[in-house]
Structures are given as structure tokens and as C-alpha cells.
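Take a look at the structure set out below.
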Protein chains: 2
Amino acid sequence: MSSLLKIRAERDQMSAIERRIADFMLENAHLLRDYSSQQLADALQISQSSVVKFSQKLGFKGYPDLKYSIGEAVARGSDVPVKTAAKSARATVRESLAETLWQSKSRAEEETRLINDAGTLSEIATLLSRAGRVFCIGFGDDGLAAQAFAQRLALLGTLALHHADAVPMTATISSAERGDVLVVFSEQGQHAALNQLCRQFRERQGKIVSVTRHTSNPLRAHADATLLVSAHDERSHVQPLLYQSALQHLLDQIFVLMCDGDRLEQLNTNLEHVQHLLDPKL
Amino acid sequence: MSSLLKIRAERDQMSAIERRIADFMLENAHLLRDYSSQQLADALQISQSSVVKFSQKLGFKGYPDLKYSIGEAVARGSDVPVKTAAKSARATVRESLAETLWQSKSRAEEETRLINDAGTLSEIATLLSRAGRVFCIGFGDDGLAAQAFAQRLALLGTLALHHADAVPMTATISSAERGDVLVVFSEQGQHAALNQLCRQFRERQGKIVSVTRHTSNPLRAHADATLLVSAHDERSHVQPLLYQSALQHLLDQIFVLMCDGDRLEQLNTNLEHVQHLLDPKL
DNA sequence: AGCGGTGGTCAATAATTTATTCTTGCTTCA
DNA sequence: TGAAGCAAGAATAAATTATTGACCACCGCT
């Protein structure tokens, strides 16, 4: 996996100084060859140990190891595109819109893949498979994702409930018991009401899965398992699209993982019923 | 020039020990990452200084520099192909789920791109931009897509209404007038109630946009403009995911096309408000 | 507001790695 | 034979990197 992508993916979750290091590396990846950890530290006016800790935090043995890895990434050409360099001709933009937008989505997907290890995904899939009931909650766009996910689960024969409002959810949750799972969708993970809800749910012995952006946020801390999304674009109207796409892909993976033997049959039966409902002729 | 090539070229005029170093590096280029000059020397039963001198003789600043360069060469692929049999089968399957699923989505996206020309997309974007009110309707998964789209439009300052039920929609539509647009989401396009609705809407001089799978279906026939989705997978539980993804991408394109000047400002204002709502602290 | 606790930073320093120096031994050629 | 030239290694200097411990800021909680 490209170390540059990894840096990009983790960037959100970094402290100010770490982010400066990350940015420097992303921008000057090809110059890094001539930088020792000390020189890099001097260039950024920070301490050398910060550079080393940065490297280790990303999972490398140390600074030289990270440097080596970046060297590989650059050589491989999987360099992070400097910017989506605002193309001059509007016509060009239009023609390739589908393609460039999809590329952005692909990048977001890859970043997201890097920060959720496969083990966690299957753990969550197992957790949901064995759950008594699954509660999904989220507001705004997150609410729609929650609802869609709940519908998917329902097709698999899992009892899944969804709310886009904290008040009825509070009531519903008061009946939760051991074995139930709460899936909380919150891009920023800052919503006080949701944290409250989690505490309440935890008291009733339920398991909590959080789905948030890859920043440090209170919601993650409360959760038994976390799903993380990374999606970036300087254009404020595009970023939400990328977030939604990466999030959806994550959920889709969970869904696929849950589709085994019995549940798959259940799904097929349900799909057939739905088909009939929509078009009695068939 | 690739450092590996250089080593091979110089090999013939090297001393015995240098040649052993050269051979070791050529054979184990991909393992060199984990060797310090001392370890390499130990492995070859030679002195560490010989390794350093070897590096310098070849024109590198020192051993790390040579190592870095070899890393690049390997990454660039100018090396003997590495065997990738390391991972266990199960782990590989798991890890690649994300990737293969995404590839499937990419395929669906591409198919979909091919059957909707850019012109149609911008026409629809224009239509929606100029619309008085936009009505979105769909059932099941389509309903969620409709809702999400309506929410997006609302953020752009367009008056957008959404229903997942034909009955209230009928009522709402009865107030439709020229300049309004109805966006009908229906994967199969077979739903009688929706056709009914379209007829009613057309009588009131509204424009109709259909969003369906790329089959011949009655809904397409009723529409002024059509969006088509292509998504195929033999696994019944995967196909809906692909459909959803491709559909979403189409809608995202429309959305991006609609984001210009005024509306973009409106969007940013709205996003800010939403941000405040979710996290008053910011 | 106050209070542990956590996490991040830096200066100092330890540890490791790399580079140089200096010595030795070998070969070559006058 | 002996001086020059060169390769290699041991010892050591230099550099780079990694760790430690102290300090501070911030966060969530009471």
C-alpha cells in the first residue's frame, strides 16, 4: 500500500504538528531523499523526535523506513495528484466529469480501505449477524445511510430498526438488551445527543458500532467497534459526495460479508417478494 | 539510471568481495529494506566498511542512499518479479473484498457512463436548476435515492419535495404547474402507480425525468428526459449494491453540474448552518 | 470552574548506524 | 628486494536515529 495514501488518509486524525509533517511529505515526496529526520525537523521548525514519532505512529519501523517507503511510492508513480488543478476549459470539465469524479471517489475508497482493517470489518459483520436487534441512527445524510443500511439488514432477516431522530430512538433503546447492537452514524461524531444515547445503550449491555469520519471524536471513544471514513476534496460541494460514496462502500462490504448460507437464502426469498410487490405481472 | 542496472554493469570490473555484495543485492533487492550495512556485512562475512565503500564507489552518497535507490528500482518494477504467495488464502480473499467489490462498481459506473451522454446530463441539470419545484419519488431503495437527491437539491436552494408513497404524492402533485419537474426513480420502471402519477403530472404541464435500469420500460416512454443505469452481477446480493452505486454516481454528476455561482454560495451557507446545528461549539 | 487523565511536544540523551582513518597484507614492477 | 598501489578489515569518529522524562495543553467529567 502506498505510504503516501496512508499519510493522506490519516491526515485528518493528526495533531497540528503531525499535519505539517504530513503536508510537507506529500508536497515534497520527491525531495525527501535528501532529508534526514533532523533536517526535516529544522525545515519545519519542530523537534527531530516529532518526526520519528510521526513515522512510528504510521506503522513504520522508524524514519528511514518511512522514507524508504515514500521512495517506493514516488517511484511507482502513485504520487498524490498535486491538486485537481482547476482545468481551464469548462467543456473539458464537463466531458470528463463522470470520470474525474469517479477517480476522486476511488481515491476516497482507497484511503478508507487503508484505515479499516479487514479483521475489524468481519468482526462487525459477525457482531451484526449474531445480534438480536440492530438499531441504526444518524441525522441528515447520515440518517439516510442509516436507513439504507437498516433496510439491507432487514432483507437479510435481521431485525433492524432505524431512526433519524434522537427522541423516539431513546424510547426504543430503553428496551434494548444484551445482544443488541447500536450502529451510530455521525460524520463528525460531535453530536451530544448521540453520545448520550450511546451511554444509555451501553448501560443496557448493548454493543455499539460507530461510523464516523477519521478524526478523533467522542463517538469513537464510546464505541466497541469503529468504522472510519476518509474523503477529501477542496471543493466543498464535492466532498460530501465522496464521503457518502466511501461510507457506502464500507457498508456494502459489511453487507457482503454477512451474506452467507442461511441469510443469503433469506435474502433471495425477500428479493423475490419485493419483486412481486413492485410488478405483479412478473 | 536504475541502480540495479548500474550494479550489474559494473559487476565485471569489481573485486571478489565487491562482486559478492553486488550479487547479493541483485538477488535480494526486495529484501534489502531490512538490512543495515552491518547486517549485510555479517550476512556476507565481510566488514561493514566494505559495504559503505562499495556504495560510494558506485557514486552514491553512502549506503542508505544506495538502499533508497534500490528501493525505487524495485518499486518501479525493473526487478525480478517478486513472488506474492506469502499471504494465506483466506486473508487474501478478505483483504481483496474491498478491492474486487470496488472494481465491480467501477465496471457498473463505466457501463452507465456509456449509455448516458454528457449532453443529456447537463440538460437535466439545467432543467432542474430552472425548475420551480422538484418532486422526487421512488419506492424501496429507489425511495432512499430519491430522498437523498431531494435533500441535495434543497441544499442548493431548490425547492425539492420527496415522497416514498404514491398517495400523498398524488395530492402534492395536484398543485403542480408549468416549470415544475418530477423525478421518478424506479429500477424496473414497471410500477403502475408511478406511470399513473406521470400522466397526471404531465397534464399539469410539468417535465418528467425518469431514472431507471437500462431496459425498455413504460416509465422511460413517459419521460421528457431519462437517466439510465447499467449494473450487472451474477450474485443476487451484489447486484443491488452496484445499481445503487452507479445510480448515485449519476445523481452526483447532476448535482455537481448544478453547482455554479449563486447556488454554490447558497450551498456553502447551508452547509455552514448545518455544521452549526450539529456542533454548536464550532 | 476545578480536576485527573490523556496525548502531544521538546530537550536531553542513549543507541544505532554510517563514514572515515589507519593499519595490514598482498601484488606488481623496477 | 623494496617501493608503490590497492583492497580489506579493525578501530574509531561522526552522523543519524530512537528513547526517555518533563512539561504543557486540552478534554471530558464531576
Side-chain angles (χ1 to χ4, degrees), chain A residues 10-22 24-25 32-71 188-200 202-203 210 212 215-223, chain B residues 10-22 24-25 32-71 279-282:
Chain A
E10 303 271 6
R11 202 192 97 98
D12 275 3
Q13 129 122 341
M14 293 177 178
S15 66
I17 285 197
E18 288 171 334
R19 201 167 306 152
R20 277 172 60 204
I21 302 177
F24 184 90
M25 286 185 170
L32 212 64
R33 179 175 189 148
D34 301 315
Y35 279 82
S36 69
S37 63
Q38 184 64 62
Q39 288 173 305
L40 176 52
D42 290 345
L44 295 174
Q45 311 245 36
I46 59 177
S47 74
Q48 178 257 347
S49 56
S50 294
V51 176
V52 174
K53 277 193 85 182
F54 175 85
S55 309
Q56 292 172 331
K57 230 175 182 177
L58 283 168
F60 296 92
K61 276 180 11 190
Y63 172 74
D65 196 38
L66 167 60
K67 186 164 143 180
Y68 187 95
S69 182
I70 289 183
Q188 309 297 346
Q190 299 288 359
H191 216 286
L194 290 181
N195 287 325
Q196 190 66 36
L197 215 59
C198 286
R199 230 166 302 159
Q200 191 192 343
R202 157 136 319 153
E203 277 170 21
S210 71
T212 69
T215 53
S216 73
N217 62 62
L219 207 51
R220 280 176 69 172
H222 283 116
Chain B
E10 307 263 0
R11 199 195 100 99
D12 284 347
Q13 46 192 346
M14 288 177 178
S15 70
I17 284 198
E18 287 171 336
R19 201 169 307 155
R20 279 172 61 204
I21 301 177
F24 184 91
M25 286 186 170
L32 211 64
R33 178 176 190 148
D34 301 314
Y35 279 81
S36 68
S37 63
Q38 182 65 65
Q39 288 173 306
L40 176 53
D42 290 347
L44 294 174
Q45 313 245 35
I46 59 175
S47 75
Q48 179 257 347
S49 56
S50 296
V51 176
V52 174
K53 284 179 192 149
F54 174 86
S55 309
Q56 293 171 331
K57 232 175 186 173
L58 281 167
F60 296 93
K61 274 179 15 189
Y63 173 72
D65 197 37
L66 166 60
K67 187 165 144 183
Y68 186 96
S69 181
I70 289 184
D279 184 8
K281 275 172 295 183
L282 291 181

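Remember, predicted model here, so these are calculated numbers, not experimental data.
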For [X], side chain to side chain contact (heavy atoms under 4.5 Å, CB included) partners two or more places apart:
{"X": "B:Tyr63", "value": "B:Met25, B:Leu32, B:Tyr35, B:Ser37, B:Leu40, B:Val51, B:Ser55, B:Lys67"}
{"X": "B:Lys61", "value": "A:Asp34, B:Asp65"}
{"X": "A:Ser47", "value": "A:Ser49, A:Ser50"}
{"X": "A:Gln38", "value": "A:Ser36, A:Ala41, A:Asp42, A:Gln48"}

Separation of [N] [atom2] from [X] [atom1] (nearest whole Å):
{"X": "B:Leu44", "N": "D:dA8", "atom1": "CG", "atom2": "P", "answer": "12 Å"}
{"X": "A:Leu66", "N": "D:dT16", "atom1": "CG", "atom2": "P", "answer": "17 Å"}
{"X": "A:Asn195", "N": "D:dC29", "atom1": "CG", "atom2": "P", "answer": "8 Å"}
{"X": "B:Phe54", "N": "D:dC6", "atom1": "CZ", "atom2": "P", "answer": "19 Å"}
{"X": "A:Lys53", "N": "D:dT20", "atom1": "NZ", "atom2": "P", "answer": "11 Å"}

For A:Arg202, all residues meeting side chain to side chain donor-acceptor pair (under 3.5 Å), sequence neighbours excluded: A:Asp224
Side chain to side chain donor-acceptor pair (under 3.5 Å) partners for B:Arg11, two or more places apart: B:Asp23
Phosphate OP1/OP2 of C:dG8 contacted by A:Lys57 side-chain N/O (<4.0 Å): yes
Distance below 4.0 Å between B:Ser50 side-chain N/O and D:dG9 OP1 or OP2: yes
Any A:Thr212 side-chain heavy atom under 4.5 Å of A:Gln188 side chain: no
Non-neighbouring partners of A:Glu18 that pass salt bridge (charged side-chain N to carboxylate O under 4.0 Å, His left out), sequence neighbours left out: A:Lys57
Sub-3.5 Å pairs of nitrogen or oxygen atoms, protein against nucleotides 17-19 of chain C:
unit_1, atom_1, unit_2, atom_2, d
C:dT18, OP2, B:Ser37, N, 2.7
C:dT18, OP2, B:Ser37, OG, 2.7
C:dA19, OP2, B:Tyr63, N, 2.9
C:dA19, N7, B:Gln48, NE2, 3.3
C:dA19, N6, B:Gln48, OE1, 3.0

Those residues of residues 11-21 of chain A lying under 4.0 Å from DNA chain C by at least one heavy atom: A:Ser15, A:Ile17, A:Glu18
